[in-house]
Asks: 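Below you'll find the structure I mean.
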Amino acid sequence: GRTPPRAPRRTAPQYSEPATRLPLPPPRAMRASRLPARGNAESKLSSRPWSPRQTAPHRAAAGASVSGAFQRLSTSSCRTRETAQVGQRGQAPQRRIGAQGRRLVVPMASVAPETSLGQTWTLPNRSLMVTSITATTVASFMQEMDQAATTGVDILELRLDFIKDYDTERDLRKIMKHAKLPYIVTYRPTWEWGNYEGDEAPRLATLKFAALMGAPFIDVEWKASATFFASAGEVPVSTKVILSNHNFTSCPDANALRDQAKKMHEAGADIVKIATMANDIVDASKMLRLLQNPVAPTITLSMSEKGQMSRILSNKYGGFLTFAALSPEKASAPGQPTVKELSTLYNFQKQSKATKVFGIIGNPVSHSKSPLIHNTAFQSIGFDGVYVPLLVDDLKTFLDAFSDPVWGFQGFSVTIPHKEAALKLAKSVDPVAAQIGAVNTLVRQPDGTFKGYNTDSSAAVGAIERALVAAGKGDLKGKTFLVLGAGGAGKALAVGAAFRGAKVLIANRSRERAENLAKAMGGDVQVVDWASVGSGGVSADVLANSTSLGMAPGVDVSPVQTAAVKNFGLVFDCVYTPVWTKLLKDGRDAGCIVVDGLQMFVGQAADQFKLFTGKEAPIDLMKKTLEDAIAASNK
């Protein structure tokens, strides 16, 4: 699936406290167990519990009205120690954290009826899917809310800071009342990578006002939490406070993150939200470890493509929620998948602690169709597994971070540039893969180690030989077989062809690497000049391109000049995006037999599927899924 491009780094304005310093709120254990009196009536705490499976009504005792309420909150939110009574969040809500840290049980409290919208909501007992509403006018904002409500998400994030000319007294109640789903009210300032540029007092008052009107969730920046809780106006415990912190440059170490989560909980968070930039995929493991024995219901977001797995697998690992965009263009943070991808491709709602995890390891990897065909195949047979893209810089570092069975990884597809490293790192290796010198599949063994296989060879060479036989040319025995490229795929083709009795020729842009492969294979393998192949100085029965030349976006590139393609009887290209590469088109026009990369790709994926699941792959479904996806991308 398409991954939104990484946002350019920028320096956020630093948060500065109000000129009048406010007292810190008391520790959780010391806070009052009920809301303060409003007018002549005291609000009462319900003895009934609230959980994500139950309805959470928002009611209140009398004493407050919408008229003037926001102004009172706004003008009194920066009072001095002498005149301010610290606003208390209430006694620490009762929590029961289940095996995956999902179940949240807290008391309910009342909110003023004149202010409360009287909305009730029911949430599922799993990680929740949220999409951010980011339209720039109130009218389009509410239209986007309606659109999002039809997509299957659980919660809307109302990003008020995106609305131009937003006015709390005029717009907030209208927007909240319009919601058809539970929602988070967020009013993000520029110093936390949002759009709000005004004073803190009215911004924080807006969040508190939303709570008094019954917002199910509000998002308060951790840096502003002391000011927020110390300002006038109680936050009803029926509104869950998400304390959030965003780091768009790096990811602290695991101990620092856990200490930060503890401090955020102590500062008043019902739900802890930490988002950091993943500069390496290992940063995602640091974030996900926060979900193991969490101090509170926790949201961990590892931003960028390298951290995308933290979003996709939130339900498996027990995150309170994760974010998905209505479309790639609507992504509110780097690495954010779309709602359709998360719910359909990655089967997010049906993930559980028992779900087995697989993935494709590569760099680049965002173009790969492997997640699409494997997840489609998993779902077609009812297999409880999910297959994710894994952008990996260093394979050993990644395996060291994620080899622990707690992560649930059962197998990996391995692509450029990690196939040779996978051979060295596998505890045991299939004999064919050892002969090829490259591994494209890692499968977890009962002892927890990984065994390496190579499914490229049988898939590609088998497809080539079948095409020759179908054309009446016989099998590969005795035929000349020219391989372009000496990497993992090139080795697979060369070894597979040699096993079938072909005379193998190898050409590579780096001749030294081609000579090393020929020497390793032994026998009659010959190295030919790369430039000679391209200009027409070499002929063979079969030409097999294992390089990435011709892959999108470089679709006008071919490793062989058009006039030279006639020197070959069959032309094979491992590239499948696009299916009809320039090399294949030239081969077709020259009257050659042509074999596209789809056949190799589906064949090797089918072999991997059997290694992963122990079941025969639905090959026809996998091929059709891939063809449909490529056709859709070409429109």
Side-chain angles (χ1 to χ4, degrees), residues 413-416 419-420 423 429-441 452-508 514 517-518 520-528 533 540-548 559-560 568-576 579 581 583-584 587 592-611 617 619 622-623 626:
S413 305
V414 183
T415 188
I416 297 171
K419 293 183 179 183
E420 293 172 35
L423 174 73
V429 180
D430 178 77
V432 174
Q435 175 66 23
I436 293 171
V439 159
N440 80 326
T441 311
Y453 298 85
N454 192 302
T455 65
D456 287 332
S457 178
S458 59
V461 178
I464 291 169
E465 192 165 54
R466 287 192 297 273
L468 286 171
V469 172
K473 304 294 184 181
D475 59 23
L476 280 169
K477 188 174 182 179
K479 290 183 171 61
T480 52
F481 192 105
L482 172 59
V483 178
L484 301 182
K491 289 180 181 179
L493 286 162
V495 170
F499 276 152
R500 286 169 167 78
K503 181 181 178 181
V504 177
L505 309 175
I506 301 173
N508 192 68
L517 175 56
M521 290 182 63
D524 296 328
V525 178
Q526 297 180 16
V527 175
V528 296
V533 173
D541 295 309
V542 175
L543 170 69
N545 175 40
S546 72
T547 75
S548 61
V560 179
F568 308 99
L570 181 148
V571 176
F572 165 79
D573 200 334
C574 70
V575 173
Y576 64 90
V579 175
T581 61
L583 176 61
L584 290 185
C592 304
I593 303 167
V594 293
V595 179
D596 61 60
L598 281 182
Q599 297 183 51
M600 174 185 175
F601 184 79
V602 173
Q604 61 85 25
D607 290 344
Q608 289 180 336
F609 183 93
K610 187 171 183 179
L611 289 170
I619 295 178
M622 296 170 83
K623 183 178 180 181
L626 187 57

Asks: Give me the atom names and distance for the closest heavy-atom approach of M622 to A617.
Replies: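 So the minimum-distance heavy-atom pair works out to SD-CB, 3.7 Å.
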
Asks: Kindly write out the residues that satisfy ring pair (Phe, Tyr, Trp, His ring centres under 6.0 Å) with F568, not counting sequence neighbours, or none if the list is empty.
Replies: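 For F568, no residue satisfies ring pair (Phe, Tyr, Trp, His ring centres under 6.0 Å) once neighbours in sequence are set aside.
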
Asks: Ignoring hydrogens, what is the shortest heavy-atom contact between A434 and L423? Give both atom names and the distance.
Replies: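 Of all heavy-atom pairs spanning A434 and L423, the closest is CA-CD1, 4.3 Å.
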
Asks: List in chain and number order the residues that pass side chain to side chain donor-acceptor pair (under 3.5 Å) with T480, two or more places apart in sequence or in another chain; answer none if no residue qualifies.
Replies: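 Side chain to side chain donor-acceptor pair (under 3.5 Å) list for T480, sorted by chain: D541.
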
Asks: How long is the gap from OG on S546 to CZ on F572, to the nearest 0.5 Å?
Replies: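 The distance works out to 9.0 Å.
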
Asks: Around atom CG of L611, are there more than 12 heavy atoms of other residues, nucleotides or ligands at under 6.0 Å?
Replies: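 Yes, CG of L611 has more than 12 neighbouring heavy atoms, counting only those of other groups under 6.0 Å.
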
Asks: List the atom of V504, the atom of A498, and the distance in Å for their closest heavy-atom pair.
Replies: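 For V504 and A498, the tightest heavy-atom pair comes out as CG2-N, 3.9 Å.
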
Asks: Are side-chain heavy atoms of P559 and L583 found at a separation under 4.5 Å?
Replies: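 Counting from C-beta outward, P559 and L583 do come under 4.5 Å.
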
Asks: Among all residues two or more places apart in sequence or in another chain, which pass the ring pair (Phe, Tyr, Trp, His ring centres under 6.0 Å) test with F481?
Replies: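 Partners of F481 by the ring pair (Phe, Tyr, Trp, His ring centres under 6.0 Å) criterion come out as none, since no residue qualifies.
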
Asks: With side chains defined as the heavy atoms from C-beta onward, is the minimum distance between K491 and M521 less than 4.5 Å?
Replies: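 Not in contact.
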
Asks: First locate atom CG of L468, then atom CD1 of I593, and finally report the distance between them rounded to the nearest 0.5 Å.
Replies: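 Taking CG in L468 and CD1 in I593, the distance rounds to 5.5 Å.
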
Asks: May I ask you to decide if D475's main-chain N or O and K479's side chain share a donor-acceptor pair within less than 3.5 Å?
Replies: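 Such a contact is found between K479 side chain and D475 backbone.
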
Asks: What are the two closest non-hydrogen atoms of T547 and G485, and how far apart are they?
Replies: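 Between these two residues, the closest heavy atoms are CG2-CA, 3.9 Å.
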
Asks: When you look at V560 and L484, which way does the side-chain contact (heavy atoms from CB on, under 4.5 Å) test go after all the steps?
Replies: CA-CA 10 Å; V560 179; L484 301 182; 4.1 Å; yes

Asks: Among residues at least two apart in sequence or on other chains, which ones pass ring pair (Phe, Tyr, Trp, His ring centres under 6.0 Å) with Y453?
Replies: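 If we apply the ring pair (Phe, Tyr, Trp, His ring centres under 6.0 Å) test to Y453, skipping adjacent residues, there are no hits.
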
Asks: Would you compute the distance between atom OG1 of T581 and atom CG of N545 and round it to the nearest 0.5 angstrom?
Replies: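 The OG1 atom of T581 sits 7.5 Å away from the CG atom of N545.
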
Asks: A433 and V439: which non-hydrogen atoms are nearest, and at how many Å?
Replies: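 Taking A433 first and V439 second, the nearest heavy atoms are CB-CG2, 4.1 Å.
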
Asks: To check you understand the geometry: which heavy-atom pair defines the closest contact between N508 and A486, and what is its length?
Replies: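 That would be OD1-N, 3.0 Å.
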
Asks: Look up atom OG1 in T455 and atom NZ in K610, then write down how far apart they are to the nearest 0.5 Å.
Replies: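 Answer rounded to 0.5 Å: 13.0 Å.
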
Asks: About how many Å separate CG of D573 and OG of S548, when rounded to the nearest 0.5 Å?
Replies: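 Here the rounded value is 10.0 Å.
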
Asks: Quick check: does any side chain N or O of K473 sit under 3.5 Å from a backbone N or O of G569, one acting as donor and the other as acceptor?
Replies: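 Answer holds: no.
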
Asks: Who are the side chain to side chain donor-acceptor pair (under 3.5 Å) partners of N454, not counting sequence neighbours?
Replies: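 Counting only residues at least two positions away or on another chain, N454 forms no side chain to side chain donor-acceptor pair (under 3.5 Å).
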
Asks: Under 3.5 Å, side-chain donor or acceptor atoms of residues 456-467 against the rest of the protein: list the pairs with distances, not counting sequence neighbours.
Replies:
from	atom 1	to	atom 2	distance (Å)
D456	OD1	N440	ND2	3.1
D456	OD2	K419	NZ	2.7
S457	OG	A492	O	3.1
S458	OG	D607	OD2	3.3
E465	OE1	R500	NE	3.2
E465	OE2	L476	N	3.0
R466	NH1	G462	O	3.4

